[in-house]
Each structure stands twice: as structure tokens, then as C-alpha cells.
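Some notes on the structure that comes next.
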Amino acid sequence: MSAPVAIGVAWRQVRDRFRAAGLDTPELDARLLAQTAFGLDAMGLVRRERQAATPEQLVELDRFALRRLAGEPVSRIAGEQEFWGLRFALSDATLVPRPETEQLVEEALARLAGQRAPRIVDLGTGSGAIIVSILEALPKARGFATDISEAALATARQNAERHGVAARLDVRQGAWWQAVPHTELFDLIVSNPPYIATAAIAELAPEVRVFDPKVALDGGWDGLEAYRAIASQAARRLVPKGQMLLEIGYNQAEAVRRVFSRAGFGRVEILKDLAGLDRVVVASHS
Ligand SMILES: C[S@@+](CC[C@H](N)C(=O)[O-])C[C@H]1O[C@@H](n2cnc3c(N)ncnc32)[C@H](O)[C@@H]1O
């Protein structure tokens, strides 16, 4: 029988394998995978440093390490990603929510401040990261979440339960507005739709191209198909003072502005992200 291996030794061995392989963040990746393999949070991993790992845990950690060395992102392996300070479960059908998308949540909360019981729809909700974060922050708000992928919606429901907002979130499958009854009007529409042009998908980093679902990335021949579909009904789905917030690709601001101006929005504004890139389009009636 081999000697027991301490948890602290096990994760550092993984870190060293990741370093040797030239991964960008070997220590962070090793810690995060070890937390999942050992069922610990960040503090637990420190506190249980000297505790012996079980053989099963070591086998699991080794499997995780091999997946990471084969290029799979840590969040996919761990099945979770933090977003807006909350932990979101992921599945094969969901995009890993990106830190830049937190700007949509921040803008949404700023614009809804002072409204008593706002109604919000999130089109193409994926893991539910955007709408669940908004509802979690606004206890009187109600939400609607749609996606073409029923499998993604199962994960969104799971995340809504996890963060205690499921009773205020209506989750429905369908293409963009098809899933939303015509009688529903919203104070805010949010969406981070697929916006990569089909031909550009082949040029994405393997972590994205191989592991994010294609339906979550592919915005059609010019990357704008989802914006056109959303714009086709957005103006009549908003209350008079309602607003629409959309994430965009860094080079799409003017094209998306045109789509929404043509669709009847009197005011279309572009917001930049922290890196100074065009990131969010805000459209409203006036
Ligand atoms: C870029 S991902 C965003 C996911 C999530 N909102 C986020 O920010 O992490 C786009 C989402 O749109 C969904 N989607 C793609 N085509 C759709 C369609 N025709 N109707 C509704 N949702 C669609 C995908 O399944 C995916 O979940």
C-alpha cells in the first residue's frame, strides 16, 4: 500500500505539472481543481493542508489535471463559475459566463434603482447568470428567461433555485421572443446573445471554440443575426420608459446601433468596458 498523500502535497504536485506544461495560471488552476476534487472551499483547502487525501480523491484530481492539460477550462471541469459574486452551475449546454458580462448586471441595477417591482426579461439566458444575479439583488423584481436550448434552461432553473429566486423567475424555451407571451411588457430587456460571425469561430481560442456550445457563440454570417431577431419585437415589448441592454462584440457598436435605430428606438447609446472597448448597447424609446 502506498503512503497517504496530504491534500497540500497533492494540489502542489498538480501545480507543478501545470507549471511544467506552461499553463498561464498554474497555481490558481490547481487550487480550484483541488477544491472540487476534495469538496472544499478556498479556506478549507488551506485549513486541511495536512489531512490525508483518499485514493478516490487523488484519482479524481488526477483526472481533472489531465483534462486541464488537454486544454479544458477550469470552470468546465469544476462545473461551476463565479459571476457577480455568486456561484453558477454549468453544463455542456451553457456558455461559461464571462467577467465582462457583469457590466450588464451593473448597468441593469443602476437603471432599475428606485423601481418598486421591476419586470425584466433575459433573452438567451444560458446558465441564468445575468437574470439570477439581477433578481438576487432586487428582492421585489420578477424575471423572465428564455433560451433555444432546453438543456441550458435546466441549468438556469438549477441556478435560480440555488440563489433563491426561482419563485420570481419564469423560464421558457424558444427562439428569442417566441418564448415570451405577447401580453408581457418589461421595464428592462437584457441579452448577451451569440455575436461571433460564423466564419470567425474557427479563429477563436480552443478553450472557447472547443468547449463553449456553438449555439452560444454563432451569430450568423455577420454576427448580427440575434440582434436583428431581438430588435424585431423589442420596441413593443418595453413599457414606455423601459430600456434595453445588450452585450456586443468590440467592433459591432455602429452596426448594432443601426439595427436598433431602424427598429424604432429613439435613443441608442454605446457604453465602453473597463478595457475601453465598446461593450454594451443601451436602447430606449427616448
Ligand atoms: C453568448 S450565450 C449567453 C449566455 C448567458 N446569457 C451569459 O451571458 O452567460 C448566448 C445564449 O443564447 C442562446 N441562444 C442561441 N440562439 C438562440 C435563439 N435563437 N433563441 C434563444 N436563445 C438562443 C444560447 O443557447 C446561449 O445560451
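If you read the sequence from its start, that first residue is 1, and numbering goes on from there. Model, not experiment: these values are computed from the prediction. We count ligands from 1, going down the list as the structure has it; atoms in each ligand are counted the same way.
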Looking just at side-chain N and O atoms, do Glu247 and Tyr195 make a donor-acceptor pair shorter than 3.5 Å?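 Side chains of Glu247 and Tyr195: pair found under 3.5 Å.
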Side chains of Leu45 and Asp41 in contact at under 4.5 Å (non-hydrogen atoms):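 No, too far: nothing below the 4.5 Å cut-off.
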Side chain proximity check, Glu72 to Phe64, heavy atoms < 4.5 angstrom: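 Of all side-chain heavy-atom pairs linking Phe64 with Glu72, none is under 4.5 Å.
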Taking [atom] as the point of reference, which of [options] owns the nearest heavy atom?
atom	options	value
atom 24 (C) of ligand 1	Asp218, Ile130, Val96, Asp147	Asp147
atom 10 (C) of ligand 1	Asn192, Leu123, Thr155	Asn192
atom 2 (S) of ligand 1	Ala145, Ala216, Ala175	Ala216
atom 22 (N) of ligand 1	Ile196, Ile148, Val190	Ile148

For Gln178, does the CD atom have more than 12 heavy-atom neighbours from other residues, nucleotides or ligands under 6.0 Å away?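 Not buried by this count: 12 neighbours or fewer within 6.0 Å.
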Around Asn251, counting heavy atoms of other residues, nucleotides and ligands shown, do more than 12 lie under 6.0 Å from its CG?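 For Asn251, atom CG is crowded (more than 12 foreign heavy atoms under 6.0 Å).
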What protein heavy atom is closest to [atom], reported as residue, atom name and distance in Å?
atom	value
atom 11 (C) of ligand 1	Gly124 O, 3.4 Å
atom 15 (C) of ligand 1	Val215 O, 3.2 Å
atom 5 (C) of ligand 1	Thr125 O, 3.3 Å

Output yes when [X] and [Y] qualify as a salt bridge under the 4.0 Å nitrogen-oxygen rule, no when they do not.
X	Y	result
Glu136	Arg168	no
Asp222	Arg228	yes
Glu107	Arg111	yes
Asp278	Lys272	yes
Arg119	Glu184	yes

Considering the heavy atoms of Pro194, write down every atom of ligand 1 situated less than 4.0 Å from one of them.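 It comes down to these atoms of ligand 1: 10 (C), 12 (O), 15 (C).
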So which bit of Pro97 gets within less than 4.0 Å of ligand 1, heavy atoms only: side chain, backbone, both or neither?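 Both of them.
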Answer side chain, backbone, both or neither: which part of Thr101 comes under 4.0 Å from ligand 1, heavy atoms only.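 The side chain, only.
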Closer than 4.0 angstrom: is that true for some heavy atom of [X] and an atom of ligand 1?
X	result
Pro193	yes
Gly174	yes
Ala129	no

Trp176 versus ligand 1: do any nitrogen or oxygen atoms come within less than 3.5 Å of each other?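 So ligand 1 has an N or O lying under 3.5 Å from an N or O of Trp176.
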Using a 3.5 Å cut-off on N or O atoms only, is Asp122 in polar contact with ligand 1?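 For ligand 1, there is no N or O atom that lies under 3.5 Å from one belonging to Asp122.
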